[in-house]
2 protein chains.
Amino acid sequence: MALLQQLTRQVHFKCIRSLSSLRYEDLQITLTSSPSSKPDDSKLKFGAHTADHMLEVDWSAQYGWGVPQIKPVAPLQIHPAAKVLHYAAELFEGMKAYRCVDGKIRMFRPTENMKRMGKTAQRSALPDFDQAEFLKCIKKLISIDHEWVPQSKNCSLYVRPTFIGTEPALGVTASNMAKLFVITGPVGPYFPTGLKPVSLLADPKYVRAWPGGCGGYKMGSNYAPTVAIQSQAVNKYGCQQVLWLYGEDHQMTEVGTMNLFVYWVNEQGEEELITPPLETGLILPGVTRKSLLELSREWNEFKVSEQTMTMKSFIKALNEGRVKEVFGAGTACVVCPVSKILYLDQELLIKTDTENSLTQRFFSEITDIHYYRKPHPWMEAIDEDVEETNLMTECHS
Amino acid sequence: MALLQQLTRQVHFKCIRSLSSLRYEDLQITLTSSPSSKPDDSKLKFGAHTADHMLEVDWSAQYGWGVPQIKPVAPLQIHPAAKVLHYAAELFEGMKAYRCVDGKIRMFRPTENMKRMGKTAQRSALPDFDQAEFLKCIKKLISIDHEWVPQSKNCSLYVRPTFIGTEPALGVTASNMAKLFVITGPVGPYFPTGLKPVSLLADPKYVRAWPGGCGGYKMGSNYAPTVAIQSQAVNKYGCQQVLWLYGEDHQMTEVGTMNLFVYWVNEQGEEELITPPLETGLILPGVTRKSLLELSREWNEFKVSEQTMTMKSFIKALNEGRVKEVFGAGTACVVCPVSKILYLDQELLIKTDTENSLTQRFFSEITDIHYYRKPHPWMEAIDEDVEETNLMTECHS
């Protein structure tokens, strides 16, 4: 009898534990009975294709984390009063998995994304979650949909972890219910025929982020305000992206949804790579940004600075022939050269014709790492032969 | 044969037309077979109860507006890649319908909300819609759920029009698919036992809106960043709301989700009602704000200004005994008196004890209008006896 009580307690404890924290070992898997046909690698567009399965796990303030589930992609059932639909209780991450030259699938620095996701959740008043366990579930999802990871060495599987507040109650307060989910999809190269420079609209009328705001977090709320401005840049000004300025001194902050880099000769005559600093809260701490800074500090061939750059000092340098390159950096493109900035009434032209550019060198170096042509500890392997996870049926009576 | 062709063309034209714009006459209605029991008026909480029916209408770039539908409230089916879940492609309005003293149901200035919703849609890169037709559909929804409009003369039916981008495609671009929907629910009085003053945390570290941003539009993205700060105000500082400051001179902008009003004697010795101006883009153009300004200009008893007020000039006035009242104004509470502001290390105390206060006068005046104790053209009646809309079945073969 004492033994039975002890066992009962153990099972009870296990169930409580499985409800209160997000655990990989609780993962339940339901495979699709009607797999979709995979698109041709040569026809991939960003965001247009979704792989067969998704990962989903719900949280409530009352019960904590539920059972993570991998299942066929299907519409989410969301109550019309859910906070995500009214108050933008939502955040996301963007990561990629690559089919490497040894045939294995690897992700690029996923732990960085998980750390950032945890910080964004805190800023968004969404609950904390075990990031390592969640990442294990994500890897399992990729492993199950491994046939969706393109074979081409300029394609990849885009991975989109998303976190939304689902409590069906109007009122601007923290959501007592939430859902973490992950969808994936194959994506083609941002530049199918080599790096192609873009033009930017820099209009100080529109501001992406500001001190005391949330520009340093990957919250959905940072993006909605940018869409109409991006459309205007394209349709009214014939530019491809927006260069976001901030402040009366027109600080250069971000490029579209990318971090900004300027490679120049500074006032002191030193070669220097500059990107805006994180401390202002205006800049998203990009994983590609961090990687480029780490690589170039390791190379130790030029000065590397996280520092504010104003349009005035940029234009002065441009006029003095000191600007070598300008580029954006992000998960979608790795790096994206900039050839033109439309600023007030000026058309600022930037050199981009050097095949031996730093932009090109970063692109080659990072993609060599992505596809494991240069083995690197930044890449985390995904085992395609992992055993099927045990289904913890004893907790679901 | 010519006649047949002509008829076919007419039917075709009609279908095209019904698809391309939002029209009340297309409205389809499906009533619930299991109405919920209505909550007791004395137990109503904001946002906790939803009436039986909702209004829903979909839009696509390809086909325009579809058929508006009133149907039982049910979860929305939203694709996990829908833009609303990732990039906060969403906006809303807050309106109320009142059971007036003559037994009729009326809405308070709904056309103002519709106009603002149209402007917000444009800023959000969501499509335009016929606001008058949409309002007719909303009135029909309220008419159908008329039993949900509380009888008590301090309760009302809260009406929440919402607009979301539903296109299932990752990528920060305008959504090619969207959904307008409306839910309603009975709400109790914000102050069940008379106006009750609140305390505010004014911390210049956190900024709600900024020039070049979207603070002047009712986008979901304005709210997510405020939730964690509001929690902090309550849990860490024991305040009830946040007073949002902006700029190095700590301009007073909004109170929680309300517009801010200060009633004082200005430096020139004049009695003056001040609220921050709309031109900066920092302030939501509230319908209650507009109504209070219009009322007080009509009274013509004191100066009325839309003007920036800094913490410095506010504290000076407070120290000189020139601050008469501070209050927030919004749909939820009408007006909400402020008794204390916690600013840096100072606890600023504000008089609120006058029964003959301006705050109380505004509250009485506006609620007299709401419940039609004072008939006023701001109120729009809802006919509870409208005929059932014809179902346009011929377009749905």
Side-chain angles (χ1 to χ4, degrees), chain A residues 46-48 50 54 56 73-82 84-92 94 122-125 158 160 162 164 168-175 181 183 185 204-208 210-214 219-228 230-231 246 256-257, chain B residues 46-48 50 54 56 73-82 84-92 94 122-125 158 160 162 164 168-175 181 183 185 204-208 210-214 219-228 230-231 246 256-257:
Chain A
F46 181 81
T50 309
M54 65 185 292
E56 199 177 332
V73 169
L76 303 174
Q77 306 270 331
I78 298 182
H79 191 281
V84 63
L85 304 180
H86 301 264
Y87 311 119
E90 62 193 68
L91 59 96
F92 66 93
Q122 192 176 20
R123 184 63 185 83
S124 307
Y158 184 78
R160 172 60 62 97
T162 313
I164 59 175
L170 300 184
V172 187
T173 55
S175 187
F181 67 90
I183 50 175
K205 267 208 308 286
Y206 303 110
V207 179
R208 189 196 84 95
W210 67 104
C214 292
M219 291 163 69
S221 53
N222 288 332
Y223 296 85
T226 69
V227 175
Q230 167 66 19
S231 296
Y246 173 76
T257 59
Chain B
F46 182 80
T50 310
M54 64 185 294
E56 200 177 333
V73 169
L76 303 174
Q77 307 270 330
I78 298 182
H79 192 280
V84 62
L85 305 180
H86 300 264
Y87 311 120
E90 63 193 65
L91 60 93
F92 66 94
Q122 191 176 20
R123 183 63 187 81
S124 306
Y158 184 79
R160 171 58 64 95
T162 313
I164 60 176
L170 300 183
V172 186
T173 55
S175 187
F181 67 90
I183 49 175
K205 268 209 307 289
Y206 304 109
V207 179
R208 189 196 84 94
W210 68 106
C214 293
M219 292 163 69
S221 54
N222 287 332
Y223 295 86
T226 69
V227 175
Q230 166 66 20
S231 295
Y246 173 76
T257 59

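Predicted model only: the values in this text are computed from it and were never measured. Each chain gets a letter, A, B and so on, in the order the sequences are listed, and its residues count up from 1.
Both the backbone and the side chain of A:Phe46 come within contact range of chain B, each with at least one heavy atom under 4.5 Å from a heavy atom of that chain. With a 4.5 angstrom heavy-atom cutoff, A:Gln122 touches chain B only via backbone atoms. For A:Ala74, the part lying near chain B is the backbone, with the side chain staying farther off; criterion is any non-hydrogen pair under 4.5 Å. Using a 4.5 Å cut-off between heavy atoms, A:Thr173 contacts chain B through its backbone alone, with no side-chain atom that close. When heavy atoms are compared at a cutoff of 4.5 Å, A:Ala48 does not approach chain B at all. In this structure, chain B has no heavy atom under 4.5 Å from any part of A:Pro204. There is no contact between A:Tyr246 and chain B, counting heavy-atom distances below 4.5 Å.
Scanning for ring-ring contact (aromatic ring centres under 6.0 Å, His included) contacts around A:Tyr206 gives an empty result, with sequence neighbours left out. Remark: A:Tyr87 engages B:Phe92, B:Tyr223 in a ring-ring contact (aromatic ring centres under 6.0 Å, His included) (not counting sequence neighbours).
The two residues B:Pro211 and A:Val207 come nearest to each other via the heavy atoms O-CG2, 3.5 Å. Residue A:Arg208 comes nearest to B:Trp210 through the heavy atom pair O-CZ2, 3.7 Å, listed as atom of the first residue, atom of the second, then distance. Nearest heavy atom pair, residue A:Leu76 against residue B:Leu85, reads CD1-CD1, 3.8 Å.
For the pair A:Pro80/B:Met54, a side-chain contact is recorded, criterion being any heavy-atom separation below 4.5 Å from C-beta on. Annotation: side chain of B:Leu170 is in contact with side chain of A:Arg160 (closest heavy-atom distance under 4.5 Å).
Ranking A:Val73, A:Leu91, A:Val227, A:Asn222 against chain B, the residue ahead of the rest is A:Val227, based on heavy-atom pairs under 4.5 Å. Taking B:Val172, B:Ile164, B:Thr257 one by one and counting their heavy-atom pairs under 4.5 Å with chain A, the maximum is reached by B:Val172. Ranked by non-hydrogen atom pairs under 4.5 Å with chain B, the options A:Gln77, A:Lys205, A:His86 are led by A:His86.
Between the side chain of B:Arg123 and the backbone N or O of A:Pro225 there is at least one donor-acceptor pair closer than 3.5 Å. Here the side chain of A:Glu90 pairs a donor or acceptor atom with the backbone of B:Ala88 at under 3.5 angstrom.
Atom NE2 of residue A:His79 and atom CD1 of residue B:Ile183 lie 6.5 Å apart, to the nearest 0.5 angstrom.
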